[in-house]
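To start, the structure itself, in structure tokens.
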Amino acid sequence: MSPQNEQWSSRYGFVLATIGGAVGLGNIWRFSYVAGENGGAAFLFIYLACVFLIGVPLMIAELAIGRRAQGDAISAFETTGKTSRWRGIGWLGIVTAVLLLSYYAVIAGWALRYAVGAVTGTLWRAAQANYGGYFKQFVSQPVDPLIWQGAILAITIFIVSSGVRQGIERLNRLVVPVLAVLIIVLAGYSLSLPGSGAGVRFFLAPDWDALRNPEVYAAALGQAFFTLSLGMAFFVTYGSYMPRTFSVPASAMIVALGDTLFAIISGLAIFPAVFALGGNPAAGPELAFVTLPQVFLKMPAGVFVGSVFLLLLAAAAITSMVALIEIPVSAMIRRTSLSRRGATIVMGGSVFVLGIPSALGYGVLSHVRIGSHGILDAIDFGVSSFLLPVAGVLTALYVGWRLNRTMILNETDFGTRRIGVVWLWLIRILVPVAILGIFIRTLWAS
Ligand code: PHE
């Protein structure tokens, strides 16, 4: 593989690839149901605060050490601090990415199955409008979900094997602009439906009482980490393919804004339609797979609109799976003698096996409960409410307190500008204290 293929070709390519990594199931499937369950607009308010006060500073930190190290997630936490004591953060990021990918591939597999069904028409005919039953019947089968999980992983492996530039960047250059246009069109359509106003109010008119509920804060923080792809060494990895000439703070701001806009516009595509056609906005993880197809069937031109939506969901999932698998793959290529192709296949195979319990958790393994959660739900809860915030606190402490102040201000491209000092104090104090505060408050309340 030529070394050139292992670096972004341009700033535009880098930004698109990074937005493609950030925009995924988290923006459409997860954001809509988490917002729906946590009171809509009140949640949105805290979520935005988490994105810009905690997320963006951390993203800047991750990108800066990735670009400086030009290495994998583990070495980035060694070489920048000249000590290997902190490299556990890199390992933690890699392990979390693999865990997340294991169940992400299962849901992405559902999305692919629904998208194919929508385009071929089987989704609209077979269900007889009972999508609750349809969904249960599909996810409880012992083999079908595994086939779709395997299929979407195979696509991911194919792309990542082709390299950073020829594979990852090329895919995102193609897909991300299309996703952006489609979601805007879908939102416009949904807002034009009679009765859509109730959905807009639910999503955008704050109910301040919800701010007293500690669970809303924990949900907003977990969602911010998940959707921005923080705490998984993702920005360390993509940052390592970034030449010094790309600005770190500008890139972080564009990616965070792009990701947030995408989530909000998805909300404006989903909630108005759900309200206009009488669905339940707090349906939980099944919102995209049960409520929405039902809503589509009742909508004018719904078969077409629904097919577009599901294709969009599957495509957004693929660009994120590519990003997720690249985290361990990049470390494997740099640390073992495996080729990119070999590493991707080994990792893809391992992720498939690891994801089997999640895939079967709605059928053969539905008796396995962890607390009140099924298998997939329990792993998602552990990852987003525990592992990601812990990695966030550790990264903030490492970058804020362990690294040399002048060095990190230079590496973030802030240099001597005053805004750099603001960033530094956000990372040193606000980020760790806010994350720990939300953590402790949630534990206290439960
Ligand atoms: N942010 C992605 C989403 O919202 C998930 C992801 C996490 C992707 C980490 C890459 C790395 O779906």
Side-chain angles (χ1 to χ4, degrees), residues 16-35 47 50-51 55-56 58-59 62-63 66 73 90 92-112 152-153 156 159-160 164 168 171-172 175-176 179 183 219-241 252 255-267 285 288 312-331 347 351 376 379-380 382-385 387-389 391-392 395:
L16 281 194
T18 314
I19 291 181
V23 169
L25 293 172
N27 300 63
I28 310 170
W29 164 77
R30 198 176 190 282
F31 177 76
S32 57
Y33 88 75
V34 174
Y47 164 79
C50 290
V51 165
V56 172
L58 269 175
M59 197 186 285
E62 282 195 23
L63 272 178
L92 178 65
I94 292 178
V95 169
T96 309
V98 172
L99 259 182
L100 177 77
L101 183 53
S102 75
Y103 70 87
Y104 202 95
V106 173
I107 305 159
W110 301 346
L112 184 64
I152 201 136
L153 269 168
T156 308
I159 296 160
V160 173
V164 171
I168 302 177
L171 167 84
N172 285 292
V175 171
V176 173
L179 292 184
I183 197 74
L221 183 72
Q223 173 62 18
F225 268 86
F226 188 107
T227 186
L228 294 174
S229 313
L230 290 168
M232 276 167 277
F234 166 63
F235 290 96
V236 177
T237 306
Y238 271 28
S240 75
Y241 308 132
V255 172
L257 274 176
D259 186 79
T260 306
L261 269 178
F262 202 96
I264 292 178
I265 299 172
S266 313
L312 179 116
L313 190 64
I318 290 176
T319 55
S320 286
M321 288 181 63
V322 161
L324 275 164
I325 204 170
E326 180 62 19
I327 301 165
V329 162
S330 151
M347 208 59 235
V351 163
L376 190 153
I379 306 178
D380 179 54
V383 165
S384 61
S385 316
L387 294 178
L388 299 183
T395 306

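Just so you know, ligand 1 is whichever comes first in the structure, and atom 1 is the first atom listed for that ligand.
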Short N/O distance, under 3.5 Å, between Leu324 and ligand 1?
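The answer is no, given that Leu324 and ligand 1 share no N or O pair closer than 3.5 Å.
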Test your reading of the structure: does Leu25 have an N or O sitting under 3.5 Å from an N or O of ligand 1?
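Leu25 vs ligand 1: N/O contact under 3.5 Å present.
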Judged by atom type as modelled, is there a donor-acceptor pair below 3.5 Å linking the side chain of Ser102 to the main-chain atoms of Val351?
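No; judged by distance alone, with no hydrogens or angles, the pair does not exist.
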By the definition side-chain contact (heavy atoms from CB on, under 4.5 Å), identify the one residue from [options] that meets it with [X].
| X | options | result |
| --- | --- | --- |
| Phe234 | Thr18, Thr96, Leu228 | Thr18 |
| Val23 | Asp259, Ile183, Ile28, Val175 | Asp259 |
| Ile159 | Asn172, Ile318, Thr319 | Ile318 |

In terms of atom number and element, which parts of ligand 1 are under 4.0 angstrom from non-hydrogen atoms of [X]?
| X | result |
| --- | --- |
| Gly26 | 3 (C), 4 (O), 12 (O) |
| Asn27 | 4 (O) |
| Ser320 | 2 (C), 8 (C), 10 (C), 12 (O) |
| Met232 | 7 (C), 9 (C) |

Taking only non-hydrogen atoms of Leu100, do any sit less than 4.0 angstrom from ligand 1?
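It does; at least one heavy atom falls under 4.0 Å.
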Side-chain contact, heavy-atom cut-off 4.5 Å: Thr227 with Arg30?
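A side-chain contact is absent here, since even the closest heavy-atom pair is not under 4.5 Å.
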Is any side-chain heavy atom of Val160 closer than 4.5 Å to a side-chain heavy atom of Met321?
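When only atoms from C-beta onward are counted, Met321 and Val160 do not touch, as no gap falls below 4.5 Å.
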I'd like to know if the side chain of Ser266 pairs up with that of Asn27 as donor and acceptor (distance under 3.5 Å, no hydrogens or angles considered).
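No pair is found: no donor N or O on one side chain lies under 3.5 Å from an acceptor on the other.
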Distance (rounded to the nearest 0.5 Å) between Met347 CE and Ile327 CD1:
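Between Met347 CE and Ile327 CD1, I get 10.5 Å after rounding to 0.5 Å.
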May I ask which of Ser384, Ala22, Gly93 has a heavy atom nearer to atom 1 (N) of ligand 1 than the others do?
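Selected option, by shortest heavy-atom distance: Ala22.
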Could you identify the single nearest non-hydrogen protein atom to [atom] and state the distance to 0.1 Å?
| atom | result |
| --- | --- |
| atom 12 (O) of ligand 1 | Tyr104 OH, 2.5 Å |
| atom 6 (C) of ligand 1 | Ser229 OG, 3.4 Å |
| atom 8 (C) of ligand 1 | Gly21 O, 3.1 Å |

